Peer 1: 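The structure follows.
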Amino acid sequence: MDFDALLLLSFGGPEGPDDVMPFLENVTRGRGIPRERLASVAEHYLHFGGVSPINGINRAVIEQLRGLIDLPIYFGNRNWAPYVEDAVTAMRDDGVRRAAVFTTSAWGGYSSCAQYVEDIARGRRAAGENAPQLVKLRQYYDHPLLVRMYADAVTAAAQTVPADARLIFTAHSIPLSAQNRCGDRLYQRQVAHAAKLVAAAAGYTEYDQVWQSRSGPPQVPWLEPDVGDHLSALASAGTKAVIVCPIGFVADHIEVVWDLDHELREQAEAAGIAFARSATPNADLAQVAAALLDELRNGRPPERVVSADQPELQGFSTGGVLCTPACEASARPSAGSR
């Protein structure tokens, strides 16, 4: 499959104090989140000058990609500038006819896959007539490059804490009501599978896999156990050191640099637990993007870390995107968005 360009599609984040509340309003629009709750979350961003690390990381990904691929690269976000609508319109104006789309989410499920299909469709609608065809590259949670990046980061983090440190994998929680929206617990099963692959690559036979960063009303159940609750349980059991791997994040979102590096680290220190957080791929994610693009351009079979329980977790379609048929149907992309 030939391409004229690559679009890096991401979540977006504020880039100054004045951006924070408008950004959070974009993220939560239609969900009825009280303004006082948004103000509380805004403090997390303001702790870092109102700047999320994600846009800067994505620009670093693009810079690294320029040395790996021979295509022009565009950048668009769901929730903040540069918006996907503007990126796709610029592609149309530049004469791009077909572009590959790399998303900064490795997973299936609605918010991590199908919602990006919706973003692609919305961008094409905004561009209107002569909008380029956009082909979303596949999920990559089990790509050998990504697995190795996480495993190497765990190994590096392990050098900073006692040898008996407990390995904990954490990913963003979702409401229980959403867990089957795109297939039977697809997101949970993929996270669990990736944790197993990374643990094995890093030489661990025992580890824990938990969730973090839940939001919304407390009466709405989300995936558990929460990483903070789990750390409390480990402290009660006498655990003296932990390595926390944010397996659910391919880059340093605010949920990593605040929820883990700040809040969870403080909790660990108060409990007398040595704490190490392993790095996310960040700019090195460019290597995964280049590999996925190479697969599709040259008709190569998907490269994945193989294990016996893998086949049920992900399939592939000719167009390169498969969030599961249920998710693709829910996203309802416009014609040509695949």
Side-chain angles (χ1 to χ4, degrees), residues 1-3 5-10 58 61-62 64-71 73 98-109 112-114 116-117 134-155 169 171 182-183 186-187 189-204 245-251 278-325 327-328 338:
M1 186 175 286
D2 293 328
F3 295 102
L6 175 75
L7 169 65
L8 188 146
L9 179 57
S10 193
N58 284 332
V61 171
I62 289 171
Q64 193 174 137
L65 266 171
R66 290 198 172 109
L68 299 173
I69 67 174
D70 57 352
L71 296 174
I73 304 167
R98 180 191 291 138
V101 181
F102 177 75
T103 64
T104 56
S105 170
W107 312 99
S112 48
C113 186
Y116 282 108
V117 178
L134 300 176
V135 181
K136 181 182 176 297
L137 299 174
R138 67 174 177 89
Q139 298 159 39
Y140 52 92
Y141 68 94
D142 56 356
H143 194 282
L145 287 173
L146 194 72
V147 170
R148 176 46 57 190
M149 288 174 192
Y150 283 121
D152 287 347
V154 166
T155 299
F169 292 98
C182 292
L186 177 68
Y187 171 61
R189 291 187 291 123
Q190 288 183 343
V191 169
H193 186 69
K196 182 179 71 173
L197 296 177
V198 172
Y204 287 80
C245 174
I247 189 79
F249 301 90
V250 297
S278 64
T280 59
N282 286 331
D284 287 343
L285 199 60
Q287 299 171 36
V288 180
L292 296 179
L293 178 65
D294 183 71
E295 281 182 4
L296 204 53
R297 292 176 88 179
N298 295 290
R300 295 194 174 94
E303 190 174 2
R304 305 165 68 192
V305 180
V306 176
S307 67
D309 61 351
Q310 176 177 292
E312 66 177 3
L313 297 181
Q314 178 177 326
F316 302 93
S317 65
T318 303
V321 54
L322 185 60
C323 303
T324 76
C327 261
E328 289 197 0
R338 292 174 60 92

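Predicted, not measured: the structure shown is a model, and the values here were computed from it. When reading the values below, keep in mind they use all heavy atoms of this one structure, side chains included, and skip hydrogens, waters and symmetry mates.
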Peer 1: Leu285 versus Leu146: any side-chain heavy-atom pair under 4.5 Å?
Peer 2: yes
Peer 1: Taking all non-hydrogen atoms of both residues into account, name the closest pair between Val250 and Ala106 and its distance.
Peer 2: CG1-CB, 4.2 Å
Peer 1: If you compare all heavy atoms of Ala289 against all heavy atoms of Leu137, which two are closest, and at what distance to 0.1 Å?
Peer 2: O-CD1, 4.2 Å
Peer 1: What closest approach, in Å, do Asp142 and Arg138 show between heavy atoms, and which atom pair accounts for it?
Peer 2: OD1-NH1, 4.3 Å
Peer 1: Which heavy atom in Ala171 sits nearest to a heavy atom in Val191, and how many Å separate them?
Peer 2: CB-CG1, 3.9 Å
Peer 1: Assign the ring pair Trp107 / Tyr187 to parallel, tilted or perpendicular, where the plane angle (0 to 90°) is split at 30° and 60°.
Peer 2: perpendicular
Peer 1: Where do Val288 and Tyr140 come nearest, in terms of heavy atoms and distance?
Peer 2: CG1-CD1, 3.7 Å
Peer 1: Who pairs with Ser278 by side chain to side chain donor-acceptor pair (under 3.5 Å), at least two apart in sequence or on another chain?
Peer 2: none
Peer 1: Would you please name every residue forming a side-chain contact (heavy atoms from CB on, under 4.5 Å) with Ala251, sequence neighbours left out?
Peer 2: Ile54, Ile57, Asn282
Peer 1: To the closest 0.5 Å, what do you measure between CZ (Arg297) and CE (Met1)?
Peer 2: 12.0 Å
Peer 1: Distance from Asn58 atom CG to Thr104 atom OG1, nearest 0.5 Å?
Peer 2: 5.5 Å
Peer 1: Which distance, rounded to the nearest 0.5 Å, do you find between the OG of Ser10 and the CD1 of Ile62?
Peer 2: 9.5 Å
Peer 1: Taking ring pair (Phe, Tyr, Trp, His ring centres under 6.0 Å) as the test, write out the residues that go with Phe169, two or more places apart.
Peer 2: Tyr207
Peer 1: Listed by chain and number, what are the ring pair (Phe, Tyr, Trp, His ring centres under 6.0 Å) partners of Tyr150, not counting sequence neighbours?
Peer 2: none
Peer 1: State whether the side chain of Gln64 and the backbone N or O of Ala283 hold a donor-acceptor pair below 3.5 Å, judged by distance alone.
Peer 2: yes
Peer 1: So, the side chain of Gln190 versus the backbone of Tyr141: is there a donor-acceptor pair under 3.5 Å, distance only?
Peer 2: no
Peer 1: Go through Phe102 and Leu65 one step at a time and tell me if the side-chain contact (heavy atoms from CB on, under 4.5 Å) criterion holds.
Peer 2: CA-CA 11 Å; Phe102 177 75; Leu65 266 171; 5.7 Å; no
Peer 1: Can you name the residues that form a salt bridge (Lys or Arg N to Asp or Glu O under 4.0 Å) with Asp2, not counting sequence neighbours?
Peer 2: none
Peer 1: Sequence neighbours excluded, which residues qualify as side chain to side chain donor-acceptor pair (under 3.5 Å) partners of Asn298?
Peer 2: Asp294
Peer 1: Would you say Glu303's side chain and Pro144's backbone share a donor-acceptor pair under 3.5 angstrom?
Peer 2: no
Peer 1: Would you call Leu296 and Phe3 a side-chain contact if the rule is heavy atoms closer than 4.5 Å?
Peer 2: yes
Peer 1: Grab the two heavy atoms, one from Cys113 and one from Lys136, that are nearest each other, plus how far apart they are.
Peer 2: SG-NZ, 3.6 Å
Peer 1: Can you find a heavy atom in the side chain of Leu71 that is under 4.5 Å from one in the side chain of Leu293?
Peer 2: yes
Peer 1: With side chain to side chain contact (heavy atoms under 4.5 Å, CB included) as the test, pick out the partner of Val147 among Val198, Asp152, Ile247.
Peer 2: Val198
Peer 1: Kindly indicate whether the side chain of Gln287, heavy atoms from C-beta on, has any atom under 4.5 Å from the side chain of Arg148.
Peer 2: no
